[in-house]
Amino acid sequence: MTPHPDEVSWSDVNEALDELASIEIQRSVWLHPTSERVGTLDEAWEQLFDDSLLIGALDRGTSGLAPPVVDLLRLLNARIRAVDQDQPYAAMIESSAMDAVRDLASRIRAHLASG
């Protein structure tokens, strides 16, 4: 089943996954924001799940994504929520919790690119 193009903003999904998968982007955008691009972990989550309308499509089962990809996205959601954001952002970016987020985001990107 292919995703309904009017339901989910796949460009938002892909941009957020790129940010969540890349320590370089996180260091650049989260630690040294510019007038063109500012970001945080919360903003990346919002872009991925809320702004893109993906969370609603996942909840309704209308994303068009294969069940293993849906499971990975739900796990990514949980992993992002488990990251300790009370620590300095530099430490958070380098944390094992963020390593897990980056790994999952990379895996999801690969699934989306191949499917």
Side-chain angles (χ1 to χ4, degrees):
M1 179 194 299
T2 58
H4 190 279
D6 296 329
E7 185 172 342
V8 174
S9 170
W10 294 104
S11 61
D12 279 342
V13 169
N14 289 321
E15 186 176 317
L17 286 171
D18 286 346
E19 186 171 326
L20 290 167
S22 171
I23 196 169
E24 291 82 14
I25 292 174
Q26 293 162 12
R27 287 176 181 150
S28 172
V29 174
W30 299 356
L31 297 179
H32 308 288
T34 66
S35 60
E36 294 178 16
R37 187 149 184 208
V38 177
T40 64
L41 180 59
D42 280 337
E43 289 173 358
W45 180 93
E46 287 174 11
Q47 182 178 16
L48 175 60
F49 289 107
D50 192 33
D51 297 349
S52 71
L53 305 178
L54 180 59
I55 196 75
L58 292 174
D59 289 345
R60 289 186 303 279
T62 60
S63 70
L65 298 170
V69 179
V70 171
D71 291 344
L72 288 174
L73 283 161
R74 292 188 189 286
L75 182 57
L76 178 60
N77 183 23
R79 293 267 169 91
I80 290 170
R81 292 298 178 205
V83 172
D84 176 8
Q85 294 189 55
D86 290 332
Q87 61 187 317
Y89 253 60
M92 183 192 73
I93 289 168
E94 302 294 331
S95 71
S96 60
M98 280 303 301
D99 286 341
V101 166
R102 283 187 290 274
D103 177 63
L104 271 174
S106 295
R107 290 172 51 199
I108 294 166
R109 276 188 344 177
H111 280 287
L112 294 179
S114 69

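Reckoned from all heavy atoms, side chains included, excluding hydrogens, waters and symmetry mates.
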Flag side-chain contact, heavy atom, 4.5 Å: Ser95 against Asp84: no

Gap separating the CG atom of Leu75 from the CG atom of Leu104, nearest 0.5 angstrom: 4.5 Å

Closest approach of Leu54 to Ser63 (non-hydrogen atoms, all atoms of both residues): CD1-CB, 4.3 Å

Reported CD-to-CD1 distance for the pair Glu24 and Ile93, which is rounded to 0.5 angstrom: 11.0 Å

Glu94 bridged to Arg27 by N-O distance under 4.0 Å: yes

Close side-chain approach of Gln85 to Thr40, heavy-atom, < 4.5 Å: no

Donor + acceptor pair across side chains of Asn77, Trp45 (<3.5 Å): yes

Rounded distance (nearest 0.5 Å) linking atom CG of Asp51 with atom CD of Glu43: 9.5 Å

Considering all heavy atoms, the nearest Ser52-Asp12 contact: CB-CB, 3.7 Å

Closest non-hydrogen atom pair, Glu19 against Gly39: OE2-CA, 4.3 Å

Any side-chain donor near an acceptor of the partner, Thr62 and Glu7, under 3.5 Å: yes

Rounded distance (nearest 0.5 Å) linking atom CG of Asp71 with atom CD1 of Ile108: 10.0 Å

Tyr89 side chain vs Gln26 backbone, donor-acceptor pair below 3.5 Å: no

Asn14 versus Leu112, closest heavy-atom pair with distance: OD1-CD1, 4.0 Å

Interatomic spacing from CG in Asp42 to CG in Asp50 - rounded to 0.5 Å: 11.5 Å

Asp99 bridged to Arg102 by N-O distance under 4.0 Å: yes

side-chain contact (heavy atoms from CB on, under 4.5 Å) evaluation trace for Val13 with Leu17: CA-CA 6 Å; Val13 169; Leu17 286 171; 3.8 Å; yes

Point-to-point distance, once rounded to the nearest 0.5 Å, from CG of Leu20 to CE of Met98: 6.5 Å

